[in-house]
Number of protein chains: 2
Amino acid sequence: MAKPSKENSPITEHLAYLLAQANREINRQLELRLSKEGVPVEQWRILKVLSDGNGHSMGELADAVLLNHPTLTKMIDRMVSDTLVYRVQDPNDRRKVLMFISDRGKVLSKKLNSLAVDQEEHILESYGDKSTSELKRLLESLIDSSN
Amino acid sequence: MAKPSKENSPITEHLAYLLAQANREINRQLELRLSKEGVPVEQWRILKVLSDGNGHSMGELADAVLLNHPTLTKMIDRMVSDTLVYRVQDPNDRRKVLMFISDRGKVLSKKLNSLAVDQEEHILESYGDKSTSELKRLLESLIDSSN
DNA sequence: TTGAAAATATTGAATATTCAACAATTGAAG
DNA sequence: CTTCAATTGTTGAATATTCAATATTTTCAA
């Protein structure tokens with residue numbers, strides 16, 4: 001009897017593929033909601049991180065919002081033009097730039113958050129409370145174990 | 001006592017964010033392995049799907065490998081240049097193009113699969129057998145419930 | 001049977017991302 | 001101190017992706 005070889009297993013059984021597929025779908029749904037305000041998902045993330053009111057350096061932000069540095073720089077350029085955020089040179093380390101959220105940014109951030117919460121609630125309904133929290137727990141632990 | 005509002009919850013608690021983060025990390029690891037053969041993750045997916053030896057239309061492929069049509073067309077153009085795959089007009093529906101894997105593609109696909117299996121095994125080690133299969137189960141069910 | 005609508009794939013222009021090089025500042029070793 | 005390496009952020013060119021428009025074929029209703 002031939003033992004089932006992982007090499008022949010369909011792509012749909014690979015964790016990497018399942019993650020990509022789930023991420024694509026959930027992201028698509030979130031995108032759809034945020035498009036009501038004409039804002040890409042990454043900008044929601046940026047505003048959300050900055051809405052603690054503190055200054056965050058570009059490097060810190062890039063890590064937090066899952067973008068690499070040049071991409072973030074250019075996205076921030078756009079957001080500065082839209083007066084959603086602003087740059088301040090870090091007085092303690094003048095290599096760094098500290099990003100802050102503006103008042104306009106705060107207003108937008110609130111709207112985006114409620115759209116995002118809408119989605120989470122929609123997931124909770126169709127997918128279930130228990131599965132959702134279990135999935136979150138497992139994802140956190142996967143991320144931890146990868147560092 | 002103020003009830004904790006989801007709007008103020010950190011971004012790291014959102015399912016959409018956790019999925020994006022996990023996907024990014026796992027994908028990065030896979031990319032690293034596949035780069036040994038100089039092949040992007042999407043091409044591995046394409047070769048894997050085509051390695052059943054059947055012809056697959058572009059639309060079918062695009063769905064399976066999570067790319068939209070124009071992006072797939074251009075990636076396939078490159079793979080045709082590299083003689084990894086080839087196009088055949090579908091005789092039953094001449095709007096369609098059927099993609100097939102070449103012999104060279106099959107050889108490469110084997111190498112890529114073992115690199116991908118390496119990664120899965122590495123995940124199993126650091127993350128655990130049980131967590132992995134449970135996570136896969138939950139992801140599949142999330143994907144199902146989103147359609 | 002004909003003609004309009006739908007399905008399929010590709011193209012080219014517009015947009016976005018990435019890579020490598022750069023500039024500025026800080027840290028740290030001698 | 002001084003100098004050299006490391007850190008931080010940005011830029012420009014190269015690459016990749018996306019959107020809208022197109023061409024071709026099929027479907028289906030009249």
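Chain A is the first sequence line, chain B the second, and so forth, proteins listed ahead of strands; every chain is numbered from 1.
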Trainee: Would you mind listing every ring pair (Phe, Tyr, Trp, His ring centres under 6.0 Å) that reaches into residues 31-75 of chain B, with sequence neighbours excluded?
Mentor: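 Found A:H14-B:W44.
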
Trainee: Nearest heavy atom decides the nucleotide; on that basis, is A:D90 or A:T71 closer to the 5' end of DNA chain C?
Mentor: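 The residue whose closest nucleotide sits nearer the 5' end is A:T71.
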
Trainee: Could you pull out every donor-acceptor pair under 3.5 Å between side chains of residues 94-102 of chain B and any protein atom, sequence neighbours left out?
Mentor:
unit_1: B:R95; atom_1: NE; unit_2: B:D93; atom_2: OD1; d: 3.0
unit_1: B:R95; atom_1: NH2; unit_2: B:D93; atom_2: OD2; d: 2.8
unit_1: B:S102; atom_1: OG; unit_2: B:T83; atom_2: O; d: 2.7
unit_1: B:S102; atom_1: OG; unit_2: B:L84; atom_2: O; d: 3.0
unit_1: B:S102; atom_1: OG; unit_2: B:R104; atom_2: N; d: 3.4
unit_1: B:S102; atom_1: OG; unit_2: B:G105; atom_2: N; d: 3.0

Trainee: Based on the rotation axes of five pairs at each end, what angle does the helix from C:dT1-D:dA30 to C:dG30-D:dC1 bend through, to 10°?
Mentor: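 About 20°, once rounded to a multiple of 10°.
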
Trainee: Not counting sequence neighbours, which residues clear side chain to side chain donor-acceptor pair (under 3.5 Å) with A:T71? List them please.
Mentor: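 Testing A:T71 for side chain to side chain donor-acceptor pair (under 3.5 Å), a comparison that skips the adjacent residues, returns A:N68.
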
Trainee: What is the distance, to the nearest angstrom, from the CG atom on B:L61 to the P atom on C:dA9?
Mentor: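 B:L61 atom CG is separated from C:dA9 atom P by 9 Å.
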
Trainee: Rounded to the Å, how far apart are B:M75 CE and D:dT15 C1'?
Mentor: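 The answer, rounded to whole Å, is 11 Å.
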
Trainee: Round to the nearest Å and state the distance from A:N68 atom CG to C:dC19 atom C1'.
Mentor: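 So the two atoms are 10 Å apart, to the nearest Å.
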
Trainee: Rounded to whole Å, please give me the gap between CG in B:D63 and C1' in C:dA9.
Mentor: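 Nearest whole value for this atom pair: 14 Å.
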
Trainee: With A:S141, which residues qualify under side chain to side chain contact (heavy atoms under 4.5 Å, CB included), at least two apart?
Mentor: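 Partners of A:S141 by the side chain to side chain contact (heavy atoms under 4.5 Å, CB included) criterion, ordered by chain and then number, come out as B:Y127.
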
Trainee: What string of B, S and - do you get for nucleotides 3-13 of chain D, 5' to 3', if B is base contact, S is sugar-phosphate-only contact and - is no contact with any protein heavy atom under 4.0 Å?
Mentor: ----BSSBBBB

Trainee: Which residues pass the side chain to side chain donor-acceptor pair (under 3.5 Å) test with A:E25, sequence neighbours left out?
Mentor: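 A:E25 satisfies side chain to side chain donor-acceptor pair (under 3.5 Å) with A:R28, A:Q29 once adjacent residues are dropped.
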
Trainee: Could you tell me which residues satisfy side chain to side chain contact (heavy atoms under 4.5 Å, CB included) with B:E31, sequence neighbours excluded, listed by chain and number?
Mentor: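 In terms of side chain to side chain contact (heavy atoms under 4.5 Å, CB included), with neighbours along the sequence ignored, B:E31 is linked to B:N27, B:V41.
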
Trainee: Which residues pass the side chain to side chain contact (heavy atoms under 4.5 Å, CB included) test with B:I143, not counting sequence neighbours?
Mentor: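 Applying side chain to side chain contact (heavy atoms under 4.5 Å, CB included) to B:I143 gives A:L18, A:Q21, A:A22, B:N147.
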
Trainee: Salt bridge or not for B:E134 and A:R137, using N-O below 4.0 Å?
Mentor: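 Result for this pair is no, no salt bridge flagged.
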
Trainee: Mapping A:P91 and A:L67 onto DNA chain C by nearest heavy atom, which one lands closer to the 5' end?
Mentor: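 The residue closer to the strand's 5' end, by nearest nucleotide, is A:L67.
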
Trainee: Strictly below 4.0 Å, heavy-atom distances to any atom of DNA chain D: list the hits from residues 19-44 of chain B, or just say none.
Mentor: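 The stretch gives none, as no residue of it lies under 4.0 Å from the strand.
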
Trainee: Drop me the distance from B:M75's CE to B:M79's CE, to the nearest 0.5 angstrom.
Mentor: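 If I round to the nearest 0.5 Å, the distance is 8.0 Å.
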
Trainee: When clusters are formed from ILVMFWY side-chain contacts under 4.5 Å, directly or step by step, what else is grouped with B:L32?
Mentor: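 Taking Ile, Leu, Val, Met, Phe, Trp and Tyr as members, B:L32 stands alone, with no cluster partners.
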
Trainee: Sequence neighbours left out, what pairs pass salt bridge (charged side-chain N to carboxylate O under 4.0 Å, His left out) with at least one residue falling in residues 72-85 of chain B?
Mentor: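 Sorted result for residues 72-85 of chain B: B:D77-B:R87.
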
Trainee: Counting only side-chain N and O atoms of B:R94, is one of them less than 4.0 Å from OP1 or OP2 of C:dA9?
Mentor: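 No.
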
